[in-house]
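Order of listing sets the numbers, starting from 1, for every ligand and every atom in it.
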Amino acid sequence: MPLVTFEGIDGCGKSTQIEMLKSYLEKKGIKFSIFREPGGTHIGEQIRQILLDKNNSDMSAKTEFLLYAASRAQLIEKAVRPKLNTGEFVILDRYIDSSVAYQGFGRELGKRIVILINEFATDLLYPDLTFYLEIDEKTFKERMRSSGDRMESEGWKFMERVIKGYEFLSKSKRFVTIDSRLKPDQIFKYIIKEIESHFSF
Ligand code: TYD
């Protein structure tokens, strides 16, 4: 069964779309699992706490990157691969692309090393389809909560680099870019159209 991921900068509306997809799959009687990153496993959720804790403002970019990769390695080996092997449809709320965009471009660690370490962490498990909800500066600023977590409190300059990262990634064939200013229903119709054209249930 397929592995589908959702990507985009904070406030892009991923969660709404994932909820809608969840209801769609339930109605169709398709077995599925949804995991969020960082997290999704017991160990991963502990790593998530460290990563998003605002008191950890002195975390080095390399530490941050390796913690995301560690959470991902655990998730893939212990949860995602077993689910895929039993034939479930797996949805990931963020995956490798988030690390390429946030750590590779945002933190300027470079895409090469980020991809390499992530391929090691996941044994080269790539998604079949990735929905990227694109957001512009104005919408981003409007949607941004004033007191978010450690990652959300990064400024616009950081987010601009992250967006550049997603622009680079969106050239890949598995990427489907959607304008997040569209109404949630319109976005969802588009997502379903893509899913139905890629996979037969
Ligand atoms: P979360 O509250 O789950 O945000 P969202 O709802 O936007 O997904 O927090 C995840 C944060 O971690 C988000 O700001 C993006 C960041 N992140 C990375 O920097 N690198 C990664 O590899 C992943 C998975 C997330």
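By the criterion of a heavy-atom distance under 4.0 Å, the side chain of Leu52, and not its backbone, is placed next to ligand 1. Contacts between Glu64 and ligand 1, counted as non-hydrogen atom pairs separated by less than 4.0 Å, are absent for every part of the residue.
Under 4.0 Å is where a charged nitrogen must lie from a carboxylate oxygen, and between Arg107 and Glu64 at least one such pair does. At a threshold of 4.0 Å, the pair Arg174-Asp128 does not count as salt-bridged, since none of the basic side-chain nitrogens sits closer than that to a carboxylate oxygen.
Relative orientation of the Tyr166 and Phe175 rings is tilted, given thresholds of 30° and 60° on the angle between their planes.
Scanning Phe65, Tyr68, Phe158, Tyr95 for the heavy atom closest to atom 23 (C) of ligand 1 points to Tyr68. If you check each of Arg48, Arg36, Glu37 against atom 3 (O) of ligand 1, the one with the closest non-hydrogen atom is Arg48.
Side chain of Thr122 to backbone of Asn118: a donor-acceptor contact under 3.5 angstrom is found.
Applying the 4.0 Å criterion to heavy atoms of Ser99 picks out, from ligand 1, the atoms 21 (C), 22 (O).
Taking the ring axis of Phe89 as reference, the NZ or CZ atom of Lys31 does not stay both within 45° of it and closer than 6.0 Å to the ring centre.
Taking distance alone, with nitrogen or oxygen atoms compared against 3.5 Å, Ser15 stays at or beyond that limit from ligand 1.
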